[in-house]
Amino acid sequence: WGSGGSFGYAEALADAHVAVDYLMRSENAARLRVDPARVALVGHSFGASLALQTGAGRDDVRGVVALATYRMAEVGRAANRDPRHAEALVTDLDESRVLRGFTGQTAVGLLQLDPEAYDLIDLAPRLRNAPVLLVGALRDTACPLATHQRPIAAALAEAGVDVTAVELDTDHAFSGKRITLARLVVDWLQALPDA
């Protein structure tokens with residue numbers, strides 16, 4: 001969101017895997033003082049989706065933390081149901097000016113074209129390798145819990161994933177609850193079992 005290069009959903013996922021691979025290399029792990037046996041993925045909003053997708057594609061991460069998860073499949077479905085919703089989303093993305101080389105129309109169009117390709121529910125069985133912490137916000141208007149976090153939590157639990165779902169009384173940015181959030185995440189990470 002504002003870094004160099006052109007944005008793309010597939011490229012963002014590839015970048016997440018590259019970042020984990022980088023940390024796992026022994027020479028980088030030693031230099032950066034990283035324990036490759038205790039690498040966890042943490043993401044917020046779209047980054048939470050990336051953390052879950054990345055975790056589903058690996059068996060070498062210790063845990064996944066998804067904060068205010070953005071369920072892109074549901075956004076695509078909503079845009080397909082109501083053209084006004086699609087237009088508003090395009091406008092919001094274009095006005096935010098955070099996506100380089102990726103217009104709001106491109107972003108929404110990809111989600112509308114194949115929402116199922118982005119469905120996090122389908123990933124649930126592939127996340128059994130590591131515990132998952134989901135933290136959502138009760139006053140989140142960007143990613144309402146009923147549409148975004150709660151269905152993911154239910155699917156993970158049904159798939160036998162060790163999932164912890166927490167809901168804080170705050171907004172999408174966790175305003176006024178960031179210290180609480182930080183403590184929650186750190187305590188959960190510290191309690192992860194050894195590999």
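No experiment lies behind these values; they were computed from the predicted model shown.
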Separation between CG of D15 and CG of L50, rounded to the nearest 0.5 Å: 9.0 Å
Residues K177 and D171 bridged, charged N to O under 4.0 Å: no
Whether H44 and F174 hold their rings parallel, tilted or perpendicular, with breakpoints at 30° and 60°: perpendicular
From CD (E167) to CZ (R150), nearest 0.5 Å: 4.0 Å
Rounded distance [0.5 Å steps], CG in L138 versus CG in L168: 7.5 Å
T164 vs P131 side-chain heavy atoms within contact, under 4.5 Å: no
Close side-chain approach of L134 to L156, heavy-atom, < 4.5 Å: yes
Close side-chain approach of L133 to V166, heavy-atom, < 4.5 Å: yes
Side-chain heavy-atom pair D119, R71 within 4.5 angstrom cut-off: yes
Heavy-atom closest contact (Y70 atom, F46 atom, distance): CB-N, 3.8 Å
Carboxylate-amine/guanidinium contact R77 E74, below 4.0 Å: yes
Distance, nearest 0.5 Å, that separates OG1 of T69 from CD1 of I152: 5.0 Å
Donor-acceptor pair between N28 and R31 side chains, under 3.5 angstrom: yes
Sub-4.5 Å side-chain heavy-atom contact between H172 and T141: no
